[in-house]
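Everything below concerns the one structure shown next.
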Amino acid sequence: QVQLVESGGGLVQPGGALRLSCVASGLSVMDSTMWWYRQTPEDAREWVALIMTADVTNYVDSVKGRFTIPRDGARNTVYLPMHDLKPEDTAVYYCSHHHSWGQGTPVTVSS
């Protein structure tokens, strides 16, 4: 009964910024560990970021200092604001909790 819906992806130039959103139903994002993953055009799947219930966060080294993972209890939404985007960030981005996944939102970073 958990549903996760990602949005906010699109086409952006290198050095630009986007904010991804993940609206959750059937769980509280404030009481859950939430994850972001991405799948590249070459079908490589990579963990990107997570946030725990105590607001402890972890990030893959390649995005540290560029991405964050804030959340909003009133909107029951987890975000992935991204800045200084690079071509290697191009991927379909998914949010997840346990074994639940959204449908993904694509991000393309290109000139």
Inset, instruction - Show the numbers, then the answer: is there a side-chain contact (heavy atoms from CB on, under 4.5 Å) between L18 and H83? - result: CA-CA 7 Å; L18 287 172; H83 65 90; over 6 Å; no
Inset, instruction - Show your working on side-chain contact (heavy atoms from CB on, under 4.5 Å) between L20 and F67 and close with a plain yes or no. - result: CA-CA 10 Å; L20 307 185; F67 296 7; over 6 Å; no
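- Residues W36 and V23 fall into different hydrophobic clusters, defined by Ile, Leu, Val, Met, Phe, Trp and Tyr side chains chained together at heavy-atom separations under 4.5 Å.
- For the side chain to side chain contact (heavy atoms under 4.5 Å, CB included) test, residues two or more places apart in sequence or in another chain that qualify with K86 are R66, D84, E88, D89.
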Report all side-chain donor-acceptor pairs from residues 95-111 shorter than 3.5 Å, counting only partners two or more places apart or in another chain.
unit_1: H97; atom_1: ND1; unit_2: T33; atom_2: O; d: 3.1
unit_1: Q103; atom_1: NE2; unit_2: E6; atom_2: O; d: 3.1
unit_1: T105; atom_1: OG1; unit_2: G9; atom_2: N; d: 3.0

Inset, instruction - Go through the steps for N76 and M30 under the test side-chain contact (heavy atoms from CB on, under 4.5 Å), then give the verdict. - result: CA-CA 8 Å; N76 208 33; M30 303 304 296; 5.7 Å; no
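- Between S21 and T77 the shortest heavy-atom distance is CB-CG2, 4.1 Å.
- Among residues two or more places apart in sequence or in another chain, the salt bridge (charged side-chain N to carboxylate O under 4.0 Å, His left out) test is passed with R75 by D72.
- Interatomic distance, CE of M34 versus CG of L4, reported as 5.0 Å (0.5 Å rounding).
- Within the structure, the disulfide (SG to SG under 2.5 Å) test picks out no pair touching residues 23-60 (sequence neighbours left out).
- The heavy-atom pair separating V12 from G16 by the smallest distance is CG2-CA, 3.8 Å.
- The salt bridge (charged side-chain N to carboxylate O under 4.0 Å, His left out) test applied to D55 returns R71, not counting sequence neighbours.
- Contact detail for P41 and T90: the closest heavy-atom pair is CD-O, 3.5 Å.
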Legend entry - Step-by-step side-chain contact (heavy atoms from CB on, under 4.5 Å) determination, L80 to Y93: CA-CA 10 Å; L80 190 71; Y93 284 73; 3.9 Å; yes
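- Residues C22 and Y94 form no side-chain contact, since every pair of their non-hydrogen atoms from C-beta on lies 4.5 Å or further apart.
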For residues 43-54, which side-chain donor-acceptor pairs fall under 3.5 Å, sequence neighbours excluded?
unit_1: R45; atom_1: NH2; unit_2: Q39; atom_2: OE1; d: 3.2
unit_1: E46; atom_1: OE1; unit_2: R38; atom_2: NE; d: 2.8
unit_1: E46; atom_1: OE1; unit_2: R38; atom_2: NH2; d: 2.9
unit_1: W47; atom_1: NE1; unit_2: A49; atom_2: O; d: 3.4

